[in-house]
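Reckoned from all heavy atoms, side chains included, excluding hydrogens, waters and symmetry mates.
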Amino acid sequence: MSQAQQSPSSDNTAAAPAGPLAGIRVLDVATFIAAPFCGTILADFGAEVIKLEQPGEGDSLRQFGTVTDCGDSLIWLSEARNKQTATLDLRQPEGAALFRQLVAESDVVLENFRPGTLEKWGIGYEDLRKINPRLVMLRISAYGQTGPKREEPGFARIAHAFSGLANLAGERDGPPVVPGSTSMADYTSGMWGAIGVLLALRVVEAGGEGQFIDIGLYESVFRLLDEMAPAYARYGVVRERLGADVVNVVPHSHYRCAGGEWVALACSNHKMFERLAGAMEQPDLAEAYPDGTVRVANREAINRRVAAWIGALPLDEVLRRTQQAGVLCAQIYTIEDIFKDPQYAARGNMVTVQDARAGELVLPSAVPRLSATPASFRHSGRGLAADNDAVYGGLLGLSADQMQALRQSRVI
């Protein structure tokens, strides 16, 4: 087992100290990643998150990606961790009625249906706030709850396209490519959603009423595109693809070493550029290109010289010389490199756990790292309907006969 994996093992039902969100109950009726990832963050820090899935089918995330011997995917086992799992058909009147009972006992609802869907079933925000005025609801959809595209569906890839991000990914003369992860907009929307939920809960704690948080998948990405909007509004600049380069800093790119490995190098100001010139033993480089504007105008010439220098050296030597000179440079890692790196091991960025159904798993650890009330791992993603008894029998007090009738009618 690699160093990066050697973090304390956790049992699938391990007890953990109460986190900072202990006492908060969350109903996760969303699917795939975006809104559910918000639930994962909240669950990691102690919230009681009840994942409600369609009876018999479950969340599509269970079959998304690499499916394990237990029948659920690795991404489900990872991202549904620390959540209770119960089944409920919201489309049936009896299911909607049960959901209202759960809402009366909860603090937060997470959903990502097309706008208007929950309203059609009689469980939209305005319906639910009459039951629980303190309710906070996260609503994530492709384009948000308003606007001419509000009813259109969409996944992360569509959000990357509509936000302008996909247009920036790829080589200058090549097609737009996937910007790293096909699910990035889902994860960023989940993070923005967690921020929104925590802000809304703060209002409730201060004596205010609940509210809903409205996020379009594309918005969560568009907000991260630095000066792209003001640069266009003020100067008409339409940023295009630059491959590994960035628009306003040179050299700030990826370069290949003599052995074929790639490194990322960042020189964000002239002082850093002078250090690089020193490491390269080419002081004339800094003299010839004395400021950022000149460097951007001579991007190709500078990149050629830096690429030639790095391309003539083995990886270890490039890293040694740049580190010695105070130049920011790092190897571009594969996941194999990550598992071998001692920094990941020292920080506990991956945790090895034992799952009762899937056996040993290595999962990414929770972020952020809190010094006094850190996240905890209690169990990985559970089987379909694993907590029906706890949710309906325990929380709502339904009898065994009532639950059997609900099962037979496929309400749960």
(request) Quick one: pull up CG in L361 and CZ in R357 and give me the separation to the nearest 0.5 Å. (result) 9.5 Å
(request) Could you verify whether a donor N or O on one side chain and an acceptor N or O on the other, from S365 and N349, lie under 3.5 Å apart? (result) no
(request) Run through W192, F155, F162 and flag the one making a ring-ring contact (aromatic ring centres under 6.0 Å, His included) with Y218. (result) F162
(message) If we ignore hydrogens and angles and just use 3.5 Å, is the side chain of R202 paired with the main-chain N or O of V197 as donor and acceptor?
(response) no
(request) Using a 4.5 Å cut-off on heavy atoms from C-beta on, say whether the side chain of I213 contacts that of M137. (result) no
(request) Could you tell me whether the side chain of E119 reaches within less than 4.5 Å of the side chain of E126, counting heavy atoms only? (result) no
(message) If you define the side chain from C-beta out and look only at heavy atoms, does anything of L135 sit under 4.5 Å from V103?
(response) yes
(request) Starting at CD1 of I131, measure out to CZ of F99 and round the result to the nearest 0.5 Å. (result) 9.0 Å
(request) Evaluate whether atom CD of E152 has more than 12 neighbouring non-hydrogen atoms of other residues, nucleotides or ligands under 6.0 angstrom away. (result) yes
(message) Could you check whether any side-chain heavy atom of D44 comes within less than 4.5 Å of a side-chain heavy atom of F377, counting everything from C-beta outward?
(response) no
(message) Using only atom types and a distance under 3.5 Å, with no angle test, would you say the side chain of S73 pairs donor to acceptor with the backbone of L61?
(response) yes
(request) May I ask you to decide whether R382 forms a salt bridge with D59, counting only side-chain N to carboxylate O separations under 4.0 Å? (result) no
(message) Which residue in the set W76, F64, F113 passes ring-ring contact (aromatic ring centres under 6.0 Å, His included) when paired with F32?
(response) F64
(message) Does the structure place the NZ or CZ of R239 under 6.0 Å from the centre of the six-membered ring of Y232, at an angle of no more than 45° from the ring's axis?
(response) no
(message) How long is the straight-line distance from OG of S253 back to CG of L265, given to the nearest 0.5 Å?
(response) 8.5 Å
(message) If I take atom CG from residue L21 and atom CG from residue L198, how far apart are they, to the nearest 0.5 angstrom?
(response) 6.0 Å
(request) Using only heavy-atom distances, determine whether the side chains of Y392 and Q101 contain a donor-acceptor pair under 3.5 Å. (result) no
(message) Rounded at 0.5 Å granularity, tell me how far CG in N167 sits from NE2 in H160.
(response) 14.0 Å
(request) Walk me through it: do L138 and V108 pass the test side-chain contact (heavy atoms from CB on, under 4.5 Å)? (result) CA-CA 8 Å; L138 172 63; V108 180; 5.6 Å; no
(message) Please find the pair of heavy atoms, one from S141 and one from Q145, that lie closest to each other, and give the distance.
(response) OG-NE2, 3.8 Å
(message) If we count only N and O atoms by modelled type, under 3.5 Å, do the side chains of Q84 and E48 hold a donor and an acceptor together?
(response) yes
(request) Answer yes or no: is there a donor N or O on one side and an acceptor on the other, between the side chain of R25 and the main chain of D107, under 3.5 Å? (result) no
(request) Taking all non-hydrogen atoms of both residues into account, name the closest pair between A264 and I332 and its distance. (result) N-CG1, 3.8 Å
(message) On a heavy-atom basis, which atom in L217 and which in G154 lie closest, and how many Å separate them?
(response) CD1-O, 3.8 Å
(request) Would you check, one step at a time, whether the test side-chain contact (heavy atoms from CB on, under 4.5 Å) holds for V29 with L110? (result) CA-CA 6 Å; V29 298; L110 312 177; over 6 Å; no
(request) Over all heavy atoms of both residues, which pair between K83 and A43 is shortest? Give the atoms and the distance, please. (result) CG-CB, 4.4 Å
(request) Determine yes or no for a side-chain-to-main-chain donor-acceptor pair under 3.5 angstrom, with S189 supplying the side chain and A34 the backbone. (result) no
(request) Would you mind reporting whether R62 and E57 have side-chain heavy atoms less than 4.5 Å apart? (result) no
(request) Keeping the roles fixed (side chain from N82, backbone from S376), state whether a donor-acceptor pair exists under 3.5 Å. (result) yes
(request) Decide yes or no on side-chain contact (heavy atoms from CB on, under 4.5 Å) for D186 and S183, but give the supporting numbers first. (result) CA-CA 5 Å; D186 291 321; S183 301; 4.1 Å; yes
(request) Answer yes if the ring centres of Y344 and F339 are under 6.0 angstrom apart, and no otherwise. (result) no
(message) To check you understand the geometry: which heavy-atom pair defines the closest contact between L225 and S163, and what is its length?
(response) CD1-O, 3.5 Å
(message) If you count heavy atoms of other groups shown closer than 6.0 angstrom to OH of Y333, is the number above 12?
(response) yes
(message) For G122, is there any backbone N or O sitting under 3.5 Å from a side-chain donor or acceptor partner on R100?
(response) yes
(request) Could you tell me whether the side chain of R114 reaches within less than 4.5 Å of the side chain of R150, counting heavy atoms only? (result) no
(request) Mind listing the closest non-hydrogen atom pair of V327 and C267 along with its distance? (result) CG1-SG, 4.4 Å
(request) Look at E317 together with R321 and state whether they make a salt bridge at an N to O cut-off of under 4.0 Å. (result) yes
(message) Looking only at side-chain N and O atoms, does Q282 offer a donor or acceptor that is under 3.5 Å from a partner on R305?
(response) yes
(message) Can you tell me if D69 has over 12 outside heavy atoms packed within less than 6.0 Å of its CG?
(response) no
(request) Report yes if some heavy atom in the side chain of R410 is under 4.5 Å from a heavy atom in the side chain of D89; otherwise report no. (result) no
(message) Could you tell me if the side chain of E79 sits less than 4.5 Å from the side chain of I33, heavy atoms only?
(response) no
(request) Would you confirm whether H270, through its side chain, and P290, through its main-chain N or O, come within 3.5 Å as a donor-acceptor pair? (result) yes
(message) Using the rule given for salt bridge (charged side-chain N to carboxylate O under 4.0 Å, His left out), can you reason through D28 versus K51, listing the C-alpha separation, both sets of side-chain angles and the distance that settles it, and then say yes or no?
(response) CA-CA 5 Å; D28 175 1; K51 175 76 178 178; 3.5 Å; yes
(request) Answer yes or no: is there a donor N or O on one side and an acceptor on the other, between the side chain of D341 and the main chain of D337, under 3.5 Å? (result) no
(request) For V26 and I24, run side-chain contact (heavy atoms from CB on, under 4.5 Å): C-alpha distance rounded to whole Å, both residues' side-chain angles, the deciding distance at 0.1 Å, then the answer. (result) CA-CA 7 Å; V26 180; I24 299 296; 4.1 Å; yes
(request) Return yes if some donor-acceptor pair links the side-chain N/O of R241 with the main-chain N/O of L168 below 3.5 Å, else return no. (result) no
(request) Look only at the side chain of E105 and the backbone of L102, and say whether a donor-acceptor pair between them is shorter than 3.5 Å. (result) no
(request) Could you tell me the separation between the SG atom of C257 and the CD1 atom of I310, rounded to the nearest 0.5 Å? (result) 6.5 Å
